[in-house]
Amino acid sequence: MTAHVVQRSTAETTLMRQFETEKLSSSPRRADAFGRFIAGGLPTRRVESWHYTDLRAAMRDAAPLAPAPDSGAIEDARAILTDRKRMAAWRIVLVDGRLVAELCDQFPPAVSFSREEPSPVDVDDPMVALNEAMSVEAYVLKVADGARVEGLIEITHISTAKDARSVYSRVAILLGIGASASLIESYLGAGPGVQRNSLAILTLAEGARAKHVVLVEDDAELHIESRLGQLAAGAELNDFVLISGGALTRRQLFHKLIGPEAKITLGGLTLLDGKRRSDTTLQVVHAAEAGTSREYYRAIVDDEAVGTFQGKVIVENAAQKTDGAMKSQAVLLSPRAQMNAKPELEILADDVVCGHGATVGSLDPEQLFYMMTRSLDRDEAESMLLEAFGEEAIRRIEDDVLAEALRRPFWAWLARERVARVGGEGEIHWVESAS
Amino acid sequence: MAAVQGTVDRVRSIDVEAYKYGFVSPIESDVAPKGLNEDIIRFISARKEEPEWLLAWRLDAFRRWLTMGAPKWARVEYPPIDFQEIHYFSAPKTTPGPKSLDDVDPELLRTYAKLGIPLVEQEILAGVERPRVAVDAVFDSVSVATTFKAELAKVGVIFCSFSEAVRNHPDLVRRYLGTVVPATDNFYATLNSAVFSDGSFVYVPPGIRCPMELSTYFRINEKNTGQFERTLIVADKGSYVSYLEGCTAPKRDENQLHAAVVELIALEDAEIKYSTVQNWYPGDAEGKGGIYNFVTKRGDCRGARSKISWTQVETGSAITWKYPSCILRGEASRGEFYSIAISNGRQQVDSGTKMIHLGCNTRSRIISKGIAAGKSQNTYRGQVSAHRLATGARNFTNCDSLLIGHQCGAHTVPYIEAKNASAIIEHEATTSKVSEEQLFYCLQRGLSAEEATALIVNGFVRDVLQQLPMEFAVEAQKLIAISLEGSVG
Amino acid sequence: MMQAAGPMLEIKKLSVSIHGAPILEDLNLTVRAGEVAAIMGPNGSGKSTLAYVIAGKPDYEIVSGEIWFDGEDLLELEPNERAQKGVFLAFQYPVEIPGVATMTFMKATLNARRRSRGQGDLTTPDFMRRVREASQMLKLDQEMLRRPLNVGFSGGEKKRLEILQMALLRPRLCVLDETDSGLDIDALKVVSDGVNALRDPERAFLVITHYQRLLEHIRPDVVHVMAKGRIVASGGPELALELERNGYRDYAEAAA
């Protein structure tokens, strides 16, 4: 073997320095994780799962690590929370990746939240490895066996930095046997200098059920979010994301159905304008019999924004009777908007029904015409079609409270868009709110 | 007896273990020494009495190739190929170039008769009801006979071996060669550019509808021989041509490399229809032997309203790596890709297409049917991209996979890239097994499981079969049944 | 009444279950050549299961019992082998097979049957002639036969197509599973005429139906009443009329 002289990018060099100077390298686990990251470095287009997002090129440098929040940061976080309508019964607040107990609620006995390193999950991805190496703290949310949590649990990730900062957060969510819970995670407060690497491990034991909504609303320069899920027999996960902010968002999901008759439903609505980029890359592995997977992703792309959806459903040889369906749909609103889609199937079992569909296009001119002959102006007709397009996706969460939580940022984005495009007043709604 | 019917009957009588085309013809060959270096390339070029520019073009490609690595992104596995263990030139010893069929080695004609190729014009004329097909036959590396030349010449259609085209139509060749698949395109295309030995050349002049189907039959005969043919088809303004390609190779325990390049150019209002029935030796049930089919095929819809249509039936080869593609450059040009890819035994298929929409109002359509049986792996890999200026571009893609048995794999990897809001791209794909209900229904009516499967598979691939010229369709249908033998039960 | 010949079909103490749930229990049934036997019974009595088990549908578990056809053990045979021996099932819900032309399908099935008897394939003109005759009798548009099998056919068209296939294959035993369901009165007449034209001393019919009205068109020699997975009564055509008047209730109770 010839030794390759590796040309490190500025960001990689900075990351190596940070890892040494912050004394993170003394932990063998972190050292191992950083080794896995640095072996390949920041991903480029050559890494197939990063085909449409060249992170090495996009990341000019790694921002300094965010320090533990001081009292000023906690007050800023409190102000952000005060401005928001409270949806959840129980709230956990992480500021720059660290738990701020004074902003959190007391959980009922069946639920616990504690600082501890979650058990490792085997996923081969450089940014997952980097998260493990660099996260100063890690937390585990546990819902006890058989517990049915009635109220909504919210995990709020707040960044308060005004300048360039990198934020790592690491959370595991464990639902015990037969447990059920609804969760919402929000990313708030980050300004355009924030680089975020957030990781969540979702473990659903036999028969557990989770509904889980994620909102990405702030303006981080970089939002990298990894979700690693494992579903045991009969477990059900319904996960939906709404992305309306972030200059470069990469959301990557690695889910595995390890027990028979597990069911996973993944959905998303990505709203892109300006020069923003968003990449959703998911992998669902059917490793056991009779699993069901559904993926529904929609994107509205305006201006010079670029959307990417990569979905890969892998059906292993043991996963007979798998039922899988994936659909990605994108509407392009501007001549310079772009969408990439790669819906993949990798099937090694024969007794399966799997399919995928992908469409990219503008709003249907025939529909617009029809609506206009009924006296709507073009702008109204377009808004109506866009809202319907998003609403169809949101309904997949099949939960009124969570759907309502998703509609708020969706409508806010549509209103901003409308103002930007036609200068008219913002909000017009065609969908009856559930509440 | 009609030659194609003859082929069909013979094909019917064999099974996977007894690959029908697996005979070796005892023909004396003029073979270049094994190995690859500049001297070999000079040898090939000299043997073909090529002009200086073409030798320079080959050598440039070779030097480039030395800096390249074999592509690794496809879902296929094979040991590294030792490019020094291959003969890059093998010609039947009847050179220099047959003037007519009388000059062709009778053993060679017998080989083609065995293959069912209607090489002898009289035989074709005897089959009154059948459409006539002009044939160029490529044996190992050399084109041995082209039929119907005189008749085609009357309307100005040039159909000859590539070497002959270099000699007789150097300007045409120089103007178009490498303009669709550049010499530096990819590892195997670059290798081909360096060492290609022969192939077919077609030029259809403006406004001419080629009066008959043109056809090339490729056969690899020599041991340890690579086949590197190069096909170039130019349809000038307002012309039409339909071109058929068939492939066979003898059974050998070693893997043999086939790295061809096909370039199609359609000028304004021209249409090219290119059909392939690929039945190279797939190797035995344990995966020993078989052809590595690493082929670069690309069409350029250069003129407005031009159209290029690829239809392929892929049943053979140990490994298939091929993506017949269309560059839709001309305004309102159209590209089509219809594919049936069947894999059984230990075959590996990674095939699909690229539709690159560059011009406005361009349209493309992809219909792909993959069938995996035995222990094979069958991948559809495709790319549809609509570029900035491709206003009004449209694509529809449908790729379906069928699994027969539980040891095979079917994979779908589509890349969809829209950079124009007015583009509409629709993609749909399904994977399933042969329905138990359908099978039972057929069994109840007295068909065996194997017959029933073949029948259902034929229904599954029907949309694509319909795109083939009649005679090829019949042959393809039989090949499908044969390819699946032993997969049920 | 036909002259009684040796039994063509003999079912002895047949018990069948699906996913562990018993459907048929200790069912006995004999059908002779030349006989038209009706099987009547309420929904869920196991009529369709009986038809599927005779034809050899794999989903069912044969718990015990025997089915003899022309002296052969039918349970030992694959569905296609049973068909080649002359067992035909006209499905209640004929399956759609996209992409396979009806004509192509029928030709393939007919030749498979012929080959099993050591006969050669039919020539295309010969095949076409047979199809033409049969389709005229069943008032089926020839054009329809070029379409994919059963795809986009109406319920009545599907049923007529089943009888058309029966006419072409000339089976020994014709099992008609609720062939009357979904048919209007005109279509019922056409289908029944098609069946009656095939009546022959060498052929037997097992006509499964819920209603008596089909039996006004296809006159049975014997009527069997099925309830809870077994034959609970047998008699002449008058039994069907009695059922029409009094319903199945008494028999259902008797079986319980």
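When reading the values below, keep in mind they use all heavy atoms of this one structure, side chains included, and skip hydrogens, waters and symmetry mates. A, B, ... follow the sequence lines: proteins, then strands. Residue 1 opens every chain. The model shown is predicted, which means the values in this text are computed figures rather than measured ones.
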query = Which bit of A:Glu48 comes within less than 4.5 Å of chain B, counting heavy atoms only: side chain, backbone, both or neither?
reply = side chain
A:Ala358 versus chain B, the contacting section by heavy-atom distance below 4.5 Å = both
inquiry  = Among B:Gly409, B:Ser385, B:Ala429, which residue has the highest count of heavy-atom pairs closer than 4.5 Å to chain A?
reply    = B:Ala429
ask   = In Å and rounded to the nearest 0.5 Å, what is the CD to CZ distance from A:Glu346 to B:Arg75?
value = 4.0 Å
Most contacts with chain A, counted as non-hydrogen pairs under 4.5 angstrom, among B:Ala410, B:Ser432, B:Ser422 = B:Ala410
request  = Could you have a look at B:Glu426, B:Glu436, B:Arg388, B:Glu428 and say which one has the most heavy-atom pairs with chain A under 4.5 angstrom?
outcome  = B:Arg388
key: Point-to-point distance, once rounded to the nearest 0.5 Å, from CD1 of B:Ile424 to CG of A:Asp364   = 7.0 Å
ask   = So A:His51 and B:Tyr415, would you call those rings parallel, tilted or perpendicular, with 30° and 60° as cut-offs?
value = perpendicular
query = Given side chains that start at C-beta, do those of A:His356 and B:His427 come closer than 4.5 Å, heavy atoms only?
reply = yes
inquiry  = Less than 4.5 Å apart, side chain to side chain, heavy atoms only: is that true for B:Thr391 and A:Pro335?
reply    = no
key: chain B contacts, top residue of A:Ala325, A:Pro343, A:Ala337 (heavy-atom pairs, under 4.5 Å)   = A:Pro343
query = Can you name the nearest heavy-atom pair linking B:Ala421 to A:Ser334, along with the distance?
reply = CB-O, 3.0 Å
inquiry  = Once rounded to the nearest 0.5 Å, what's the spacing between atom NZ of B:Lys419 and atom CZ of A:Arg336?
reply    = 11.0 Å
Residue B:Ala423 versus chain A: region with a heavy atom under 4.5 Å = backbone
note = In this structure, OG1 of B:Thr430 is separated from CG of A:Leu345 (nearest 0.5 Å) by 9.0 Å
request  = Evaluate whether atom CD of B:Gln84 has more than 12 neighbouring non-hydrogen atoms of other residues, nucleotides or ligands under 6.0 angstrom away.
outcome  = yes
message = Counting neighbours of CG on A:Asp124 that are heavy atoms of other residues, nucleotides or ligands and sit closer than 6.0 Å, is the number greater than 12?
response = no
request  = Check each atom of B:Gln377 against the heavy atoms of chain A and say whether the ones under 4.5 Å are side chain, backbone, both or neither.
outcome  = side chain
Heavy-atom contact with chain B under 4.5 Å, split by part of A:Tyr52 = side chain
request  = May I ask you to name which of A:Ile314, A:Ile347, A:Val352, A:Val306 has the most heavy-atom pairs under 4.5 Å with chain B?
outcome  = A:Ile347
ask   = Any side-chain heavy-atom pair from B:Thr431 and A:Val315 closer than 4.5 angstrom?
value = no
query = In Å and rounded to the nearest 0.5 Å, what is the CD to NZ distance from B:Gln383 to A:Lys342?
reply = 11.0 Å
inquiry  = Testing the basics here: between A:Asn317 and B:His406, what is the closest heavy-atom pair and its distance to 0.1 Å?
reply    = ND2-O, 2.7 Å
ask   = In terms of heavy-atom contacts, does CZ of B:Arg334 have more than 12 from other residues, nucleotides or ligands at under 6.0 Å?
value = no
key: Contact check, side chains of A:Asp350 and B:Gln407, non-hydrogen atoms, under 4.5 Å   = no
remark   = On a heavy-atom basis, the closest approach of B:Ala418 and A:Val360 is CB-CG1, 3.5 Å
query = In Å, rounded to the nearest 0.5 Å, how long is the span from NZ of B:Lys433 to CD of A:Gln320?
reply = 7.0 Å
